[in-house]
Number of protein chains: 2
Amino acid sequence: MKAAQPRSTCPISFMLDIFGDRWTLLVMRDLLLNGKRSFSEFLASDEGVATNILTDRLEMLVDRGVIVKDVSPDNKSKFLYYPTARGVDLIPVLCEITLWAEKYSPAGASKAFTGPLKKQRQQTIAKLKKKFG
Amino acid sequence: MKAAQPRSTCPISFMLDIFGDRWTLLVMRDLLLNGKRSFSEFLASDEGVATNILTDRLEMLVDRGVIVKDVSPDNKSKFLYYPTARGVDLIPVLCEITLWAEKYSPAGASKAFTGPLKKQRQQTIAKLKKKFG
DNA sequence: CCGGATCCGTTTCGATACTG
DNA sequence: CAGTATCGAAACGGATCCGG
């Protein structure tokens with residue numbers, strides 16, 4: 001399957017591919033907030049993405065310059081994905097989404113993460129970003 | 001058409017209905033940042049949503065308690081949509097998304113909006129929220 | 001006019017099974 | 001481990017119709 005193409009010519013179509021798609025959003029969450037790196041790690045998330053969908057979204061994100069794909073240093077048939085600078089810049093967005101979800105989701109969210117974020121927003125985001133420096 | 005149901009049982013499925021759907025996100029952008037209120041205004045956006053899709057998403061957002069639907073004071077056969085408290089709380093998220101889009105989208109974004117936002121983030125968000133107080 | 005509802009052809013998604 | 005192939009299900013868009 002080919003990577004999804006933008007479905008609109010408006011200036012923000014670029015953005016809708018990421019924030020207007022469930023699976024893309026989950027991949028970025030796992031990559032940026034949960035420290036996941038490999039295909040199998042993304043696949044293991046509770047939301048249960050299908051393999052072809054995951055392949056498609058990763059390809060699209062590479063295409064958009066949001067992540068890069070590298071061969072694992074210790075296993076030649078394993079790939080690792082890393083955020084680019086524009087990928088790292090999504091961290092504040094994901095943090096805001098998480099805070100909103102924690103506030104209103106009936107099931108709540110991980111207080112271990114949102115606790116520090118609420119108290120020291122800028123510092124917590126900076127710390128997250130630093131991981132990818 | 002019935003309103004879309006959550007496609008996952010994870011605690012954040014609630015959030016994915018909004019940030020994981022292209023049309024929902026566009027409706028909230030128009031409602032919160034562009035001051036749109038009515039069906040026909042949402043329909044007129046550049047992205048070109050179909051009437052049945054718009055109906056479905058508005059219904060879903062009402063269902064989730066993110067917006068409310070009211071009869072227009074000056075036209076009994078016209079409806080207006082307003083954000084609830086949890087809808088207003090999406091403003092920071094949309095602002096972050098917009099800032100990111102402006103930074104990286106090839107076509108850029110409206111400087112009139114992102115200019116003040118970059119310089120005085122909290123104040124600009126507070127001002128936007130105040131509109132719905 | 002406004003806000004939908006409904007039908008329908010087409011596209012896209014996504015779960016599963018299978019493969020390099 | 002990291003994907004492809006297949007195929008049924010769902011979403012989409014467009015047009016059209018309807019009630020107020």
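By convention in this document, chain letters (A, B, ...) are assigned in the order of the sequence lines, proteins followed by strands, and residues within each chain are numbered from 1.
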Expressed in angstrom and rounded to an integer, what is the separation of [X] atom [atom1] from [N] atom [atom2]?
X     : N      : atom1 : atom2 : result
A:I53 : C:dC13 : CD1   : P     : 7 Å
A:N52 : C:dA15 : CG    : P     : 8 Å
A:D56 : D:dT4  : CG    : C1'   : 13 Å
B:D21 : D:dA10 : CG    : C1'   : 13 Å

* Does the pair A:R22/B:D17 count as a salt bridge with the N-to-O cut at 4.0 Å? ->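 So A:R22 does not pair with B:D17 through a salt bridge.
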* To do: Please lay out, stage by stage, how A:L58 and A:K69 fare under the test side-chain contact (heavy atoms from CB on, under 4.5 Å).
  => CA-CA 9 Å; A:L58 287 171; A:K69 178 179 184 176; over 6 Å; no
* To do: Find the distance between CH2 (B:W23) and CD (B:E47) and round it off to the nearest 0.5 Å.
  =>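 Here the interatomic distance stands at 7.0 Å.
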* Asked: When rounded to the nearest 0.5 angstrom, what distance separates CE in B:M28 from CD1 in B:I91?
  -> 8.5 Å
* **Side chain of B:K69 (C-beta onward), nearest among C:dG4, D:dG14, D:dT4** => C:dG4
* Given C:dG14, D:dC12, C:dA5, the nucleotide with the shortest approach to the side chain of A:W23 -> C:dG14
* Return no unless some side-chain N or O of A:R57 is found under 4.0 Å from OP1 or OP2 of C:dG14. => yes
* Asked: Is there a residue in residues 72-84 of chain B whose heavy atoms reach under 4.0 Å of DNA chain C, and which residues are they?
  -> B:S77, B:K78, B:F79, B:Y81
* Asked: What is the bend of the helix from C:dC1-D:dG20 to C:dG20-D:dC1 when you compare the axis at one end with the axis at the other, using five pairs each and rounding to 10°?
  ->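 It works out to 30° between the end axes.
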* Structure fact -> Here the residues of residues 34-43 of chain A within 4.0 Å heavy-atom distance, strictly under, of DNA chain D are A:S38, A:F39, A:S40
With a 3.5 Å cut-off and no angle check, do the side chains of [X] and [Y] form a donor-acceptor pair?
X     : Y      : answer
B:S77 : B:N75  : yes
A:D89 : B:Y104 : yes
A:K36 : A:S45  : yes

* To do: Remember a base hit wins even if backbone is also touched, and classify A:G48 as base, sugar-phosphate or nothing at under 4.0 Å, heavy atoms.
  => sugar-phosphate
* Working for side-chain contact (heavy atoms from CB on, under 4.5 Å), residues B:L33 and B:T98 -> CA-CA 10 Å; B:L33 304 183; B:T98 305; 3.8 Å; yes
* **A:L90 side chain reached by A:V66 side chain, heavy atoms, under 4.5 Å** =>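 Heavy-atom side-chain distance check passes, below 4.5 Å.
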* Are the side chains of A:L32 and A:L128 in touch, meaning some heavy atoms are under 4.5 Å apart? ->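 When only atoms from C-beta onward are counted, A:L128 and A:L32 do not touch, as no gap falls below 4.5 Å.
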* Below 3.5 Å, does any donor atom in the side chain of A:T55 face an acceptor in the base of D:dT4, or the other way round? -> no
